[in-house]
Amino acid sequence: MSFDDDDYHYQDRISASREPEDLFTHDEPKDLVKRLTQAWINERAAPEILKYESDCVTGLVANCDDQQAVIDELDSGNDASIIISILYQTELERIKFVLRSYLRTRISKIERYCQFILKDLSSRRKLSKGEISYAESYLKTTQDHYHSSFLSSLPLTLQVQDDVVFHRKLNMVSEPSLDEGVFCRINEDIGNFQLTEDETILMETGQIYILRYGAVRALLQRGQISLI
């Protein structure tokens with residue numbers, strides 16, 4: 001197979017000599033992909049909902065849309081264009097996979113702790129506007145379903161879906177447990193860190209621990225550790 005020089009005249013849109021990794025060119029998308037991949041891992045490992053990575057998601061979606069438009073403009077009858085399109089489309093699918101996985105993980109957690117997240121102000125602030133809208137719609141739909149299915153036949157005092165029995169430590173609203181253990185990698189030298197009143201550990205870059213999530217929650221929020 002041979003290509004004419006004209007096959008490579010895409011300087012206004014793309015360059016055939018670029019590697020698939022250089023698919024995106026603005027806003028440091030490769031860094032965004034790396035950040036979102038770690039955010040996805042953190043989200044999967046953390047028991048609670050984490051802060052929505054708005055910049056990463058918005059930036060990558062915009063870049064994917066722009067690049068897809070460029071791919072669509074390529075000449076499907078040109079051999080060089082076909083090869084370039086395949087390489088670029090493969091990279092796009094990789095990015096879309098990370099985006100979908102991150103969002104699905106958050107949706108799963110929102111559905112599991114929907115009522116708690118909407119009532120807890122700090123958790124609610126971690127959601128995007130779209131996620132808040134989805135959570136409210138999901139909660140209303142499930143509550144309406146429970147009520148029409150069986151709750152309506154019960155006495156009014158038993159129809160509530162958020163009852164709490166304090167003396168028995170029973171709560172109908174599912175909450176994430178901050179006492180769960182998580183594996184974490186230290187991203188920077190922290191030094192001696194107070195886990196409990198009686199326990200201190202030395203945290204240095206690259207070390208891996210399994211610790212109670214609640215004890216290292218603040219470190220995760222500051223980016224000093226990553227979950228694995």
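Numbers here simply count residues along the sequence, with the first being 1.
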Would Cys184 and Leu220 satisfy side chain to side chain contact (heavy atoms under 4.5 Å, CB included), going step by step from the backbone distance to the final call? CA-CA 9 Å; Cys184 58; Leu220 178 63; over 6 Å; no

What do the steps show when you test Met203 against Leu219 for side chain to side chain contact (heavy atoms under 4.5 Å, CB included), and what is the final call? CA-CA 11 Å; Met203 290 187 170; Leu219 299 180; 3.7 Å; yes

Given Ile107 and Tyr138, is the side chain to side chain contact (heavy atoms under 4.5 Å, CB included) satisfied, shown in steps? CA-CA 10 Å; Ile107 287 174; Tyr138 177 82; over 6 Å; no

Are Lys51 and Arg125 close enough, and set up right, to give a side chain to side chain contact (heavy atoms under 4.5 Å, CB included), and what steps lead you there? CA-CA 8 Å; Lys51 184 180 179 181; Arg125 287 173 175 169; over 6 Å; no

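Under a hydrophobic clustering in which Ile, Leu, Val, Met, Phe, Trp and Tyr are joined whenever their side-chain heavy atoms come within less than 4.5 Å, directly or via other members, Leu139 and Ile117 fall into different clusters.
Residue Ile49 holds its CD1 atom at 11.0 Å from CZ of Phe116, rounded to the nearest 0.5 Å.
Other residues, nucleotides and ligands place more than 12 heavy atoms under 6.0 Å from the CZ atom of Arg212.
Of the candidates Arg106, Arg112, Lys126, Glu48 forms a salt bridge (charged side-chain N to carboxylate O under 4.0 Å, His left out) with just one, namely Lys126.
Counting only N and O atoms by type, the side chains of Thr205 and Glu188 include no donor and acceptor under 3.5 Å apart. Using modelled atom types and a 3.5 Å distance limit, the side chains of Ser226 and Asn187 yield a donor-acceptor pair.
Not one N or O on the side chain of Lys109 forms a donor-acceptor pair closer than 3.5 Å with the backbone of Leu50. Remark: side-chain polar atoms of Ser108 are not paired, donor with acceptor, to backbone N or O of Arg104 under 3.5 angstrom. When atom types are taken as modelled, the side chain of Ser137 and the backbone of Ser133 share no donor-acceptor pair closer than 3.5 angstrom.
Qualifying side chain to side chain donor-acceptor pair (under 3.5 Å) partners for Arg185, counting only residues two or more places apart in sequence or in other chains: none.
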